[in-house]
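Note that the coordinates shown come from a computational prediction; the quantities given were computed from them, not determined experimentally. Just the heavy atoms: all of them, side chains too, but no hydrogens, waters or symmetry mates, feed the values below. We count ligands from 1, going down the list as the structure has it; atoms in each ligand are counted the same way.
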Amino acid sequence: MIVGILLGTLPPFVLGWDWSITIYRALIFLVVASPCALMAAIMPTLLSGIANGARQGILFKSGATLELMGRVKAIAFDKTGTLTIGKPKVVQIVTAEISEEVLLEVAAALESLSEHPIGIAIVQAAKEKGLQWREGLNVQAHAGQGITGEIDDQIAVVGNGIFVQKMMKSNAIELEQHCYKLEKEGKTVIWVGYDGSVLGIIAVADTVRPGASQAIAHLRHLGIRQIVMLTGDNQRTAQSIAQNLGIDLVYADLLPEDKVNVVQQLQKQYQTVAMVGDGINDAPALAQASVGIAMGVNGSDVALETADVVLMADRLEKLASAIELGRRSQVIVRQNIIFALSFVAVLVIANFVGGITLPIGVIGHEGSTVLVTLSGLRLLRNR
Ligand code: ADP
Ligand code: MG
């Protein structure tokens, strides 16, 4: 606007132009230099990308996310429910002195109030054995650690080894050995404590999501520099599962806030970091990550709300498509911006040397806007 006013007033004094030519060229300048094509360079492209993603079951919550997705250099995966199906099953029970049934009853008394997949598995196992139990009182979930409550006025605790052994004393070395062996096999060991001592352990096993290792191989092929697994589960179990998937860096025994720290560390090293998760315990890390990605089916409400991208059918192989889409959107936006700016420059210069009329200016201006918009629509198509 300011340049337009200057162009409409100065030339008669400075360059000796007559007034009608001066005003005419100032008007053409206002038309051709207005940045419509520049505006149209970005939004239609990103919207096309979002539409394309939606058709494949990838929901991007904003255009900015789509662009960021194209810049991702490192990806952190949650284990349970993300890389694994998240429907674990009880596979073995080892008790110290009491019967398996009593152990399951204690565990089920707390877990019947839990939404955690491990809790659901334990309750399922107790039901299959036809057991009956009374729900515990004051039951509290401790994200990434376990669950506590009261049964017959005594404290009960169910959760990972560190958590349970902090609250209950364990005098069974035998249990430790069982635990070690089970964890080596990729099983998650849940400890059950009641009235001050450890009663026994329950091993649960989860299956790796079909296609997960191919999805990870594909991501590496796309040049993602770092792929890590984050989990609240223990190191041995996590390591065993990571090995099957071709992930070499594992951070285990993490509380929700530790996951945030790991993501921050990765961001220092790789700038743009994506985090893929499903649970309440992943939500803080999803928020911290440059791009938070939630599993649509398995994901908890909090994870879905916090994430920037949702994978509708929990299909991990769509991550690679999302990254490709993000990269293509960056390329097209860049092409569009260069085209739009060059076109404006050509028209402005042509106008200044007197080469165009107002109709030509309008056609050039609108034409470039239309071309840039059509170019953005290319992202609707898959290669
Ligand atoms: P992940 O990070 O792999 O999704 P979580 O952070 O949800 O896993 O849980 C980490 C660990 O905490 C589990 O492996 C389990 O040992 C323990 N845990 C968490 N919640 C429960 C629960 N309700 N019952 C028993 N154990 C639990
Ligand atoms: Mg999880």
Side-chain angles (χ1 to χ4, degrees), residues 76-88 90 103-104 106-126 136 139-149 156-167 179 182-183 186-193 199-206 208-209 212 228-242 245 247 250-260 262-263 275-286 292-295 297-300 302-304 306-307 314 316:
F77 285 94
D78 163 57
K79 176 175 80 67
T80 319
T82 302
L83 291 171
T84 68
I85 291 181
K87 295 207 170 37
V90 172
L103 183 81
L104 267 180
V106 172
L110 305 189
E111 298 286 16
S112 50
L113 293 160
S114 158
E115 288 170 357
H116 199 280
I118 293 177
I120 295 169
I122 290 176
V123 171
Q124 180 68 29
V139 174
Q140 266 183 10
H142 302 259
Q145 306 184 90
I147 191 164
T148 56
V157 48
V158 182
N160 67 40
I162 305 171
F163 182 62
V164 174
Q165 289 176 40
K166 220 164 38 193
M167 301 177 64
C179 174
L182 289 162
E183 288 179 346
K187 288 161 189 145
T188 299
V189 175
I190 304 302
W191 291 67
V192 182
L199 298 184
I201 55 179
I202 302 175
V204 299
D206 198 355
V208 164
R209 211 175 265 290
V228 306
M229 177 197 275
L230 310 185
T231 180
D233 209 345
N234 77 89
Q235 186 74 37
R236 279 185 295 274
T237 311
Q239 200 79 50
S240 153
I241 292 174
L245 289 169
I247 296 180
V250 175
Y251 295 87
D253 294 317
L254 299 181
L255 295 179
E257 57 269 29
D258 301 328
K259 292 191 177 181
V260 176
V262 175
V263 169
M275 159 87 197
V276 195
D278 68 308
I280 303 174
N281 58 334
D282 301 318
L286 290 176
I293 304 167
M295 306 299 274
V297 179
N298 231 2
S300 64
V302 191
L304 291 176
T306 317
D314 285 6
L316 288 175

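- Looking only at its N/O/S atoms, D78 has OD2 as the one nearest to the Mg ion (ligand 2).
- For G81, the closest heavy-atom approach to ligand 1 does not fall below 4.0 Å.
- Between atom CG of residue L83 and atom CG of residue L230 there is a gap of 9.5 Å, rounded to the nearest 0.5 Å.
- When only interatomic distances are considered, the shortest N/O to N/O separation between G144 and ligand 1 falls below 3.5 Å.
- When V192, V204, I241, I118 are checked for heavy-atom proximity to atom 13 (C) of ligand 1, I118 turns out nearest.
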Step by step, work out the side-chain contact (heavy atoms from CB on, under 4.5 Å) result for M167 and T148. CA-CA 10 Å; M167 301 177 64; T148 56; 3.9 Å; yes
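- Using a 4.0 Å cut-off between heavy atoms, D78 contacts ligand 1 through its side chain alone, with no backbone atom that close.
- Looking only at N/O/S atoms, D278 comes nearest to the Mg ion (ligand 2) through OD1.
- Atom CG of D314 and atom CZ of R209 lie 4.5 Å apart (nearest 0.5 Å).
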Test side-chain contact (heavy atoms from CB on, under 4.5 Å) on L199 and V106; report intermediate values, then the result. CA-CA 9 Å; L199 298 184; V106 172; 4.0 Å; yes
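- Atoms of ligand 1 found under 4.0 Å from any heavy atom of S114, numbered from 1 in the order shown, are 23 (N).
- Closest heavy-atom approach to atom 11 (C) of ligand 1 within the set G161, G232, A252, A285: this belongs to G232.
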Take D206 and I85 through the side-chain contact (heavy atoms from CB on, under 4.5 Å) test and state the conclusion after the steps. CA-CA 7 Å; D206 198 355; I85 291 181; 4.2 Å; yes
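- For the residues T80, L254, I190, the heavy atom positioned nearest atom 3 (O) of ligand 1 is part of T80.
- Heavy atoms of other residues, nucleotides or ligands lying less than 6.0 angstrom from CD of E257 number more than 12.
- Put simply, NZ on K187 and CD1 on I241 are 10.5 Å apart, with the number rounded to the nearest 0.5 Å.
- Across D253 and N234, no two heavy atoms sit closer than the pair OD1-CA, 3.3 Å.
- The shortest separation from a heavy atom of K259 to ligand 1 is under 4.0 Å, placing the residue in contact.
- When heavy-atom distances to ligand 1 are checked against a 4.0 Å cut-off, Q145 comes that close only through its backbone atoms N, CA, C and O.
- For atom 7 (O) of ligand 1, the nearest non-hydrogen atom from the set H116, H142, E115 belongs to H116.
- No more than 12 heavy atoms of other residues, nucleotides or ligands sit less than 6.0 Å from atom CD1 of I280.
- Heavy atoms of G159 approach ligand 1 to within less than 4.0 angstrom.
- Residue N281 touches ligand 1 through its side chain alone, judged by heavy-atom distances below 4.0 Å.
- Scanning both residues, P88 and A121, for their nearest heavy atoms gives O-CB, 3.1 Å.
- The proximity of T188 to ligand 1, defined as any non-hydrogen pair under 4.0 Å, is limited to the side chain.
- Taking every non-hydrogen atom of D233 and a distance limit under 4.0 Å, the qualifying atoms of ligand 1 come out as 10 (C), 14 (O).
- At least one heavy atom of G146 sits less than 4.0 Å from an atom of ligand 1.
- Protein heavy atom in closest approach to atom 24 (N) of ligand 1: E111 OE2, 2.4 Å.
- Ranking the protein heavy atoms by distance from atom 16 (O) of ligand 1 puts N160 CB, 3.2 Å first.
- In summary, of the residues considered (I118, T188, L104, L182), a side-chain contact (heavy atoms from CB on, under 4.5 Å) with I202 occurs for L104 alone.
- Here N281 fails the criterion, with no N, O or S atom under 2.8 Å of the Mg ion (ligand 2).
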Using the rule given for side-chain contact (heavy atoms from CB on, under 4.5 Å), can you reason through N160 versus D233, listing the C-alpha separation, both sets of side-chain angles and the distance that settles it, and then say yes or no? CA-CA 8 Å; N160 67 40; D233 209 345; 5.9 Å; no
